[in-house]
Amino acid sequence: KALRAVTEDAGIQESSVDVAGMTLRVDEAHDAQKAAQPAAQLERPLILAIESSCDETAAAIVDGKGNLLSDVVASQIDFHSRFGGVVPEIASRKHIEAICGVCDECLDVAAQRLGMERLTWSDLDGVGVTYAPGLVGALVVGVAFAKGAAWAADKPLVGVNHLEGHMYANKIGAPDFAPPAVVSLVSGGNTMLVHMRGWGDYRVLGATIDDAVGEAFDKVAKALGLGYPGGPVVSAQGAKGNPKAIEFPRAMMHSGDMRFSLSGLKTAVVTYINNERAAGRELNVPDICASFEAAVVDVQVKKAEMALHETGAPTFCLGGGVAANPVLRAAYGKLCKKMQVRLVMPPLSACGDNAGMIALVALDRFRQGKFYGLETDAQAHADLEQEY
Ligand code: KG4
């Protein structure tokens with residue numbers, strides 16, 4: 001059914017398959033993985049994992065070598081952008097509409113890659129799913145679907161913490177990535193530094209006490225009338241501006257710990273915008289965006305440096321939607337060079353929510369025999385440190 005490959009951009013294909021009004025994005029093979037192993041060799045276990053914690057309905061299949069045989073994402077952004085943010089009720093309904101089609105496409109893409117005519121749920125060895133943290137009404141769709149599929153096909157179920165998925169996303173670009181490491185998790189809902197002592201052994205070094213970094217990007221974009229999501233458009237505007245034009249506050253920069261605060265910065269930017277408008281001055285949008293980004297990045301880098309000093313970790317890595325920000329990536333490049341620490345970053349296609357990263361976690365847990373019962377439920381919150 002699927003006539004794929006309408007466009008090809010760095011290994012990302014836009015499928016011609018349309019599900020629930022969304023064009024599927026098929027990350028058929030991430031570059032590093034493509035190089036690691038050609039397809040068409042079935043290495044068990046084969047695990048299909050589902051991600052539905054926010055506004056992406058995604059499914060991926062990983063094989064026993066850790067190769068992603070298919071990685072399909074249906075993004076709902078177009079349905080939420082008109083409201084200026086994710087509307088939980090819409091997210092839940094869209095997940096319900098999309099999940100069957102996304103999983104069908106995921107199975108079809110993997111079958112094609114393996115040179116098989118068809119791949120069914122019975123051909124799999126396990127089903128993985130994000131069970132927390134996120135929007136409960138969105139998570140519950142993936143969890144219920146995964147439980148149903150696992151039960152019907154008589155396969156074990158593996159629950160995955162979404163944040164751990166973002167850490168594993170680093171393996172997509174660098175299959176040899178391994179802890180110990182410091183991870184900066186920066187997304188629309190989270191901002192934290194984590195000491196990854198081993199796979200499954202995590203210590204949160206510090207987190208935001210109010211807004212998340214991505215949320216700050218979204219709110220600044222909203223104040224400037226740039227639409228949702230704010231990150232990509234603020235960084236595109238920022239690239240044309242002067243980061244030193246406006247001195248915005250660097251909250252908690254010298255707090256001596258690894259906590260963050262973003263709400264004061266957001267208020268400072270909004271107040272600046274309102275004052276400029278009230279004074280009848282034309283806004284210099286690129287300068288505002290560049291200066292805001294610089295304030296965010298300065299604090300992120302300062303705390304990352306503290307975390308690397310405190311832990312002595314030899315590797316630094318990133319996760320979450322904001323990890324796609326070019327200024328942040330460049331600043332971390334500089335820091336890691338200075339500190340002689342290895343920098344690992346997920347490919348741009350794996351920074352935001354995807355099921356490939358969930359499948360990689362599920363593979364490890366499957367191997368450890370950490371299975372979940374059918375009483376497993378979606379949870380809005382989950383403690384990363386208590387995961388295992
Ligand atoms: O991890 P993610 O896809 O999911 C949620 O946490 O919801 O992150 C989405 C967030 C949004 O707030 C978006 O504005 C931000 O990541 N984002 C960016 C960039 N691309 C996405 N922020 C800064 N720069 C970017 N290039």
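When a ligand or atom number is given, it counts from 1 through the structure's own listing order. Both backbone and side-chain heavy atoms feed into the values below; hydrogens, waters and symmetry mates do not.
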Check: Does even one non-hydrogen atom of His166 get within less than 4.0 Å of ligand 1?
Finding: yes

Check: Does Asp257 come within less than 4.0 Å of Lys303, counting only side-chain N to carboxylate O?
Finding: yes

Margin query: Could you check whether Glu97 pairs with Lys94 (Lys NZ or Arg NE/NH1/NH2 to Asp/Glu carboxylate O, under 4.0 Å)?
Written below: yes

Check: Taking heavy atoms and a distance under 4.0 Å, where does Ser235 meet ligand 1: side chain, backbone, both or neither?
Finding: side chain

Protein contact to [atom] [nearest heavy atom, distance to 0.1 Å]:
{"atom": "atom 21 (C) of ligand 1", "answer": "Gly321 O, 3.5 Å"}
{"atom": "atom 6 (O) of ligand 1", "answer": "Gly188 N, 2.8 Å"}
{"atom": "atom 22 (N) of ligand 1", "answer": "Gly231 CA, 3.3 Å"}
{"atom": "atom 4 (O) of ligand 1", "answer": "Asp353 OD2, 3.5 Å"}
{"atom": "atom 7 (O) of ligand 1", "answer": "Cys54 SG, 3.7 Å"}
{"atom": "atom 15 (C) of ligand 1", "answer": "Val322 CG2, 3.9 Å"}
{"atom": "atom 24 (N) of ligand 1", "answer": "Asn325 ND2, 3.0 Å"}

Notebook entry, point to check: Between the side chain of Asp210 and the main-chain N/O of Ser263, is any donor-acceptor distance below 3.5 Å?
Noted result: yes

Notebook entry, point to check: Between the main-chain N or O of Asp353 and the side-chain N or O of His166, is there a donor-acceptor pair closer than 3.5 Å?
Noted result: no

Next item on the list: Could you tell me whether some N/O pair between Pro229 and ligand 1 is separated by less than 3.5 angstrom?
Entry: no

Item checked: Close N or O approach (Asp218, ligand 1; < 3.5 Å) -> yes

Item checked: Whether over 12 other heavy atoms sit under 6.0 Å from Arg118 CZ -> no

Checklist line | Student check: side-chain heavy atoms of Met167 and Leu185 closer than 4.5 Å | finding: yes

Notebook entry, point to check: Do Arg25 and Ser349 have side chains that get closer than 4.5 Å, going by heavy atoms?
Noted result: yes

Pull out every atom of ligand 1 sitting under 4.0 Å from any heavy atom of [X], numbered as shown with elements.
{"X": "Gly189", "value": "6 (O)"}
{"X": "Gly214", "value": "12 (O)"}
{"X": "Gly352", "value": "3 (O)"}

Item checked: Pair Arg342-Asp176, salt bridge (charged side-chain N to carboxylate O under 4.0 Å, His left out): steps then yes or no -> CA-CA 12 Å; Arg342 181 184 180 199; Asp176 66 334; 3.0 Å; yes

Check: When the aromatic ring centroids of Phe217 and Phe292 are compared, is their separation below 6.0 Å?
Finding: yes

